[in-house]
Structures are given as C-alpha cells and as structure tokens.
Amino acid sequence: MKKLITIFCILLTSSSAFADVTWFDGKHPVTYEMPSGVEPVVRVALEMWKEDMLQVTGLRPVASNRAAIRIVQNAALPADGFRLSVKDGRIIIEGSNGRGMAYGLLELSRMAGVSPWVWWGDIVPEKKHRLTIGRDFVMEQSPSVAFRGIFLNDEDWSLRPWSCQHFEPGPSGMIGSKTYQKIFQLLLRLRANTIWPAMHPGTTAFFQVPGAKAMADSCGIIIGTSHCEPLLRNNVGEWDAAKRGAFNYRTNRATVQQYWTERLQEVSTSKDNMFTIGMRGIHDSSMEGYHTEQEKLEGLQQVIDDQQQLLQQYIGNPQQLAQVFVPYKEVLQLYEHGLKVPDYVTLLWCDDNYGYMTRLSDPQEQQRSGGAGIYYHLSYWGRPHDYLWLTTTQPGLIYHELRQAYDHHARRLWIANVHDPKVAGYDLELFLDMAWNIDCVTGETLTTHLQRWLCRQFGEQAGNRLLPVMHEFYRLCGERRPEFMGWTQVELDKKRYPRGLSPVDSVALNERQAADRLAAFQRLAADVSHCKTFVRPELHDAYFAAIEYPVQATAAMNRKMLSDSAASHQAYNDITALTRQYNTLRDGKWAGLMDAAPRRLPVFDDVRARLNHDRQEPMLQGFACDYVSASAGVATIQMLGRSMRAVALSQGDTLTVQFEVSQPGDYVLTTCLIPTHPVHGSDLRYGVSIDGDKGTVYSLKEPFRSERWKQNVLNGLTERETAVHLSAGKHQLTIRALDDNIVVDGWRLRQLRI
C-alpha cells in the first residue's frame, strides 16, 4: 500500500507568521491526552516520546484533560497507518491500531528534531524553546509493505559480545531482553514491525531468553524466523540430538512434530507471530535423510502439508495466519519442479547474499493471496568473501533492487539481514524508509535522501558538506568493499588452503591505479576531519561512529594493502587505534561492539598485497549515463556503479553513446554492467552494436557460486568483451536490452597492438 502524505503547512521553528499553533511555549511541559485500554505498544511509544520531549524541551510531558496533543484510535485508517492533524488548536494523533498510534507519536518526535538514532546513534537532539505547527497541518501515512524488519545474523563479533559482556552482562552468548528492548524501540522509530531474532551457533535461542518474547509483544514487534527455522524453532540452539535423535523427518517424524508442537503451544496465546514453513538441516543444509530430488520433493511436500495441520490444531485457521516459505538454495529447485505451497503463504525471494535479487514473482505468482516478499543482505558471512565489518552497500543498488521487487508485487514482507543495527546505519534506514513508503525516493533523488539524512543527523552545515564525501565513499566502496581488499576468498578447498582461506597475495591493481585510489581516500580522510568542525560538540561521538570510523578505517585498509611496507604496518596500527576509540565512545557505552577483524580472515592481518606491474595500454572509456540518445523508459540511478549513475534498461530499451578514435585498427570493446540476475528465472541478455552493425548478443546469467559470479559480486561489476575493427573518426555504440533488468554502467575501448 502506498503512503498518502498531504502536508498543507508544517513548521517547527521558534517563530513564523504561518506557524500559529504552539504546543510548547518554552515555559510549561507539553501536555497530552490518551484513552485508557490502548495496546501496550502505545504506552511504550508514549514513554519514548516523553523522554524525547524531555531532551528537546527540558520538561517531561504531563497528562491533561485539555491537552495540546490528543491520541486516539481510528480503525478506518490502513493497517499500521496514522494521521496527524490540527483541530481546534490541538494536535490530533490518530492510529489505525496500536502500532499506528505509536508511529504517530514518534513522528511527532521526528518533527521536534529527534532522530530515530537518538539512542543507537547517540544523536543528541537540539534544545528547542518553542514548538509550533500550522493550524491547517495534515499528514497521513501508511506502509507500502505489510511486514517490515530485520534479521539479526552473524552477530558473533558485534551485537552478541557487546550485549552479554557489557550492556547487560549475563550468560555467554545471550543477547538479553534489555538489548532486544533497545532493538525493538529502534524498529518502532524506523516504522518497522518485524524481527527474525539472532540465531547463530553460540547465541542463546530467542525463546530461551527470559522476557524476550514478552518484550516483543509489548513493543508490537512480530516474531518470525529465518528460512532454516520452521515454526519459530531455532534448531541450532534448541534441537538436542542426544535426547531427540536425528533431525530427520523421514525417520523421526513424530519427534520432529512434537518439537514443533511445543513451540506452537507456547505462542498460542500471543498474536504477533509469523510462521516460517518448510524444513532444512539444522545447520542450514539440505534436509536429512532424503537423497534424490524426487525424494526431497516428496519429503518437503509432506512437511508443508503436516505443518498446515499443526497450525490448524494449535493456532487457528492457516489461511488467516502470517506464513512464509523461503525458496532458498536447493529448495528453490524443488519449488520450481512442482512443490505445492498453499496460495495463502507468502513467498519470500532472496538476493544472492551480495544485494542482487535472484528471483521475483512471475505474473502468475503475483496473483497469490499470500503475496511475496524479499530477504535482502546488508552483511554476509560466506563465499566468496564475508562482509561483516562495515556496511558499505551502494544506496543505488539497494534502491534498484527494492524498487524492482516492489514493482513485481513483493509487498508482503521485507527483511534486511544485518549483523548489527548500529553499524547498518544509513543503508538500513534507506531499506526501511522504502518499505514504509516506496515512493519516498527515486533513482534521481537518492543523493537528496542521503543529504537529508546527513543534515538531520549532524546539522545543515555539516550535512551539506558531507554529501560529496559520502558520495565518493560509496563510489570507492562500490569498486571494492574494504573486506574485499585482499582479493582473497573463503570456503575454498581445505586440503589446499588452511581453514579454506586463501592468503593475501597480489591484487588486480597496477601502481597508477593504486596511487589514484590512495589519493582519493587521502582526500576523503581530510574532508571528514574538516566537516567535523561544523558538528555540534555533543555529536562528536555520533559523528565518529557513523562517519569518521567507516571512512578512516576503510582508508587505512586501502593503505595497508596498497602502500609500501612501513606505511602498510602503520595503517594496520591505525585500524587498531580507531577500533579501540570506537569501543570507548560515550564512556564505554559501545564496548565490544566493533571488531575490525570478523572471523580473523587473512585480509585483516598485518599484511600487504603485491601490485600488478603490468603496464596497461592507453584506452578510451566512458559512462553509460553520458548517452547521446536513449529510449523513453531508460532511467539513471544515482549512487550505483563506478559512474554513480548507472542506467537501467527494460526489455527493448536502448541507449547510444558516442566516441572518437584517432587511429584505424583492431580494438577490444568492453561493456561494463551491474551484475544483476534474471527476475523470472529466464535469461539476461543484451546486444552491442557499433555504427548500426549486426552486433553481438551476450548473456549475463551466471550459475550461483560459479567463479565468474564470485568475481562479479566482489567487483560489483560484470564485463563482456567485443572485438571490433574501427576506422578513424566518430562512432556510435548502441546497447539494447533483450531482457528486463539490464543495468549498464560504462564502457572501455583498447586498441590491439601487433
């Protein structure tokens, strides 16, 4: 459902001729009125809002029979939606349900200058001496995606040690209810409503954490589980093979069903639950006990059918429950080969772990009553290489993939995989902003969205100066994430590589390319330091965590890999010092949260790489966004690709660029594209022609985990070469999309020497 926003007048400044309704006069506490009997989430949000107002005004709001702010329920509004308006000099907050009322209250906090990251980002709000609002103000909002949230995954080096060792010391591996409370509050501020709790080996299962489920219920947060945790069971933490036997539905069906039944009985009296169906092995492997594809298909079909009966028996009508089926890895093949998933169950499509959606609903699937959703990675542990240190996915990629998903009717559930919400920062907020209002940003307004975020977090002066800095940061990370700077891989042959990890050796950069990259990061580091002078002192810790640390640490990682021996060692020490500083911010509030070497991979060691000393021949190059002509449907996407303005083409679209060569001869033309996937499992083809010739057709479709796919996601780019003979003079290069989801970034032309 699209958000409807109508704003006739909004002003929250100290004085204005148009802002004629005052809700804080600088002398008296803000007053509010709320009906009795509201859902617990409303009272949770009310306490959050009171604390916000205390920080902004210096006075804690008080209840009153004739209050400046009145909170009411209006069931006629869309689910989770709210309306803010002014009537008879009072601000009226209407919510469709408890969450809607909570979102409305926290929207008022935003309007008073409180960032959603007030606690997680340490964004201290500015004091206000007066708060006003236009007498004709009206705002109505409702979600584009029904269920919106996060999956806490790979939490081993950030969230988990911070929680159990510092924030709420307790049993090793336990992320406690106090931590979850802070996470749930952040989700409310970001207008989310769903979580898949942390479930990695070594982490206490969510339902074994005292008070965690009750905390979720009080915050209106829906609990679901990942693709390998059916019916709210965490198999890694809860299946005891010594007591229950093998997690094998073929040989141990009754025990597995009893295991599921126990959880269904436990949650039967709570309403905020989402049930993942299907089955995989305990450690996210294929189902135990089934060997051939036909056996797996029949076994999984039996599981799904039985689960519907269990839900009917212990929870209620399965058609009225939130159910999710995740066609992931080999399960996707079973689904496409005839697995019958009830129409009312949501299909949750996955990306390839690196931000590129691998499948979306076809026209027939788009008619399913259960709809579809997406599971999207902003961090990942696995091959070809982890990225669990920083969150550096280009905003343009997030936008393009999410918009594609929404346009293919994936509107039921969106889940973002994050190893830590604090580190996910801007990327996570962009994800949830789009889940709340799909039209909040377009491919041509992404930089504006980032600019507004920076200004809200750090003030107008700093934010405006930071925009080009962060724009360049995302460009450089799009070329190579900091975790990928060793050109290494994980999960390789353990007989050949210790722990299955390749060592840091050579990199695919020559001396000139390395020097250019180091110079770019040196400029960024200087700019970040300069911008800090425009940040309020009370925000310096917030600025360090969100801006300084990722930029300076990434710059140091590049120096470590690409510099001479002495500079490389110093860069390693710089990363250590920066990380130590991060973990002492706010008098140690975040102690143990930042680890600069997750999984202790070779790229994080005190090592440097060998540069490629091959001399490259001179070449022409250009970006697709500099086209001279294009089809009407062609769209540029800011902050995507090397160009930071990659061009998206639908089937049948073309774009044409012009270039000139001074010498006739044989050339190699390289076209550079974003490594997307076919959205319907079909092909992903495009054609290349020069000066109107017949041209050449290429396919970008790659088998999952093939070597070329690995290089594509590590580079954020895929390339195809064309041999051409050119005369001296001007030429035109035309690229035509033969399938949907072709995204062109640029081109290069290199003359062959004989």
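Just so you know, residue 1 is the first one in the sequence shown, and it goes up from there.
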- Message: For the CG atom of N558 and the CZ atom of R517, what is their distance to the nearest 0.5 Å?
- Response: 4.5 Å

- Distance flag, aromatic centroids of Y328 and W349, threshold under 6.0 Å: no

- Query: Between H680 and H408, what is the ring plane arrangement, given parallel below 30°, perpendicular above 60°, and tilted in between?
  - Reply: perpendicular

- Message: Ignoring hydrogens and geometry beyond distance, is a side-chain donor-acceptor pair present between S699 and D683 at under 3.5 Å?
- Response: yes

- Item | Over 12 non-hydrogen atoms of neighbours within 6.0 angstrom of CD in E660 | yes

- Task: Give a yes/no verdict on a cation-pi contact between R720 and Y698, requiring under 6.0 Å between NZ or CZ and the six-membered ring centre and an angle within 45° of the axis.
- Result: no

- Could you tell me whether a side-chain N or O of Q638 sits under 3.5 Å from a main-chain N or O of L446, the two making a donor and an acceptor? yes

- Query: Can a salt bridge be assigned to the pair K710 and E491 using a cut-off of 4.0 Å between side-chain N and carboxylate O?
  - Reply: no

- Is the backbone N or O of V423 less than 3.5 Å from a side-chain atom of T391, with the two atoms forming a donor-acceptor pair by type? yes

- Message: Checking the side chain of K730 only, and the main-chain atoms of V661 only, is there a donor and an acceptor separated by less than 3.5 Å?
- Response: no

- Item | No-hydrogen, no-angle side-chain donor-acceptor test under 3.5 Å, N741 and H400 | yes

- Qualifying residue, where the test is side-chain contact (heavy atoms from CB on, under 4.5 Å) with P675 and the options are L684, T718, L714: T718

- Task: Would you confirm whether D386, through its side chain, and L388, through its main-chain N or O, come within 3.5 Å as a donor-acceptor pair?
- Result: no

- Any side-chain heavy-atom pair of F473 and T392 under 4.5 Å: yes

- Item | F623 six-ring face occupied by R642 cation (under 6.0 Å, within 45°) | no

- Query: Under 3.5 Å, is there a donor-acceptor pair between the side chain of T488 and the main chain of V504?
  - Reply: no

- Item | Chi angles and distances behind the salt bridge (Lys or Arg N to Asp or Glu O under 4.0 Å) call for R148, D433 | CA-CA 10 Å; R148 316 160 300 280; D433 276 358; over 6 Å; no

- Ring center gap for F704 and W709 short of 6.0 angstrom: yes

- Query: Salt bridge or not for D505 and R608, using N-O below 4.0 Å?
  - Reply: no

- Task: Report the relative orientation of the aromatic rings in F659 and W747; use parallel for angles under 30°, tilted for 30 to 60°, perpendicular for over 60°.
- Result: tilted

- Lys/Arg N to Asp/Glu carboxylate O, E365 vs R368, below 4.0 Å: no

- To the nearest 0.5 Å, what is the distance between CD (Q394) and NE2 (H471)? 9.0 Å

- Query: Taking atom types as modelled and ignoring hydrogens, do the side chains of T671 and Y686 form a donor-acceptor contact shorter than 3.5 angstrom?
  - Reply: yes

- Query: Just by distance, do the side chain of S529 and the backbone of A525 share a donor-acceptor pair under 3.5 Å?
  - Reply: yes

- Message: Under a 3.5 Å threshold, yes or no: a donor from one side chain and an acceptor from the other, between T734 and T656?
- Response: yes

- Whether W389 and Y549 hold their rings parallel, tilted or perpendicular, with breakpoints at 30° and 60°: perpendicular

- On the 0 to 90° scale, with breaks at 30° and 60°, tag the F151-Y375 ring pair as parallel, tilted or perpendicular. tilted

- Do T358 and D352 have side-chain N/O donor and acceptor atoms under 3.5 Å apart? no

- Item | CG on L733 to CG on L655, rounded to 0.5 Å | 7.5 Å

- Task: Could you tell me whether Q522 atom CD has more than 12 heavy atoms of other residues or ligands within 6.0 Å of it?
- Result: no

- Message: Is any side-chain heavy atom of Y399 closer than 4.5 Å to one of T442?
- Response: yes

- Are any side-chain N or O atoms of D691 and backbone N or O atoms of Q732, one a donor and one an acceptor, separated by less than 3.5 Å? yes

- Query: For the rings on H449 and Y426, is their centre-to-centre separation under 6.0 Å?
  - Reply: yes

- Query: Is the NZ or CZ atom of R465 positioned over F534's six-membered ring, under 6.0 angstrom from the centre and within 45° of the axis?
  - Reply: yes

- Do you know which two heavy atoms are closest between R708 and E719, and how far apart they sit? NH1-O, 4.5 Å

- Message: What's the separation between atom CD in E548 and atom SG in C531, rounded to the nearest 0.5 Å?
- Response: 10.0 Å

- Test item: R748 and L669 side chains (from C-beta on) under 4.5 Å apart, heavy atoms: no

- pair L360-D407: side-chain heavy atoms closer than 4.5 Å: no

- Task: Ignoring hydrogens and angles, state whether a donor on the side chain of E707 or Q489 is under 3.5 Å from an acceptor on the partner side chain.
- Result: yes

- Message: Check this for me: does any side-chain nitrogen of one of R685 and D739 sit under 4.0 Å from a carboxylate oxygen of the other?
- Response: yes

- Is the side chain of S144 donor-acceptor paired with the backbone N or O of I438 at a distance under 3.5 Å, no angle test? yes

- Message: Tell me whether the rings of W414 and F431 are parallel (<30°), tilted (30 to 60°) or perpendicular (>60°).
- Response: tilted

- Examine R610 relative to W487 and say whether NZ or CZ is less than 6.0 Å from the centre of the six-membered ring and inside a 45° cone about the ring axis. no

- Query: How far apart are the closest heavy atoms of A737 and L649, and which atoms are they?
  - Reply: CB-CB, 3.7 Å

- Item | Side-chain donor-acceptor pair present, H377, D351, cut-off under 3.5 Å | yes

- Item | Test: R736 and D653 ion pair at under 4.0 Å | no

- Item | Residues D527 and R523 bridged, charged N to O under 4.0 Å | no

- Query: Taking NZ, NE, NH1 and NH2 as the nitrogens, is one of them in R645 or D626 under 4.0 Å from a carboxylate oxygen of the other?
  - Reply: no

- Does a donor on one side chain sit under 3.5 Å from an acceptor on the other, for N437 and Q141? no

- Query: Taking only residues two or more places apart in sequence or in another chain, which ones pass side chain to side chain donor-acceptor pair (under 3.5 Å) with H227?
  - Reply: D284

- Query: Would you call E401 and R359 a salt bridge, using N to O less than 4.0 angstrom?
  - Reply: no

- Between the CG atom in D516 and the CD atom in E511, the distance rounded to the nearest 0.5 Å is 12.0 Å

- Does one side chain, of W117 or Q457, offer a donor that lies under 3.5 Å from an acceptor on the other? no

- D693 (side chain) donor-acceptor with S689 (main chain) under 3.5 angstrom: no

- Message: Measuring from atom OG1 of T447 to atom CE of M639, what distance do you get when rounded to the nearest 0.5 angstrom?
- Response: 6.0 Å

- Query: Can T448 and T445 be counted as having a side-chain donor-acceptor contact under 3.5 angstrom?
  - Reply: no

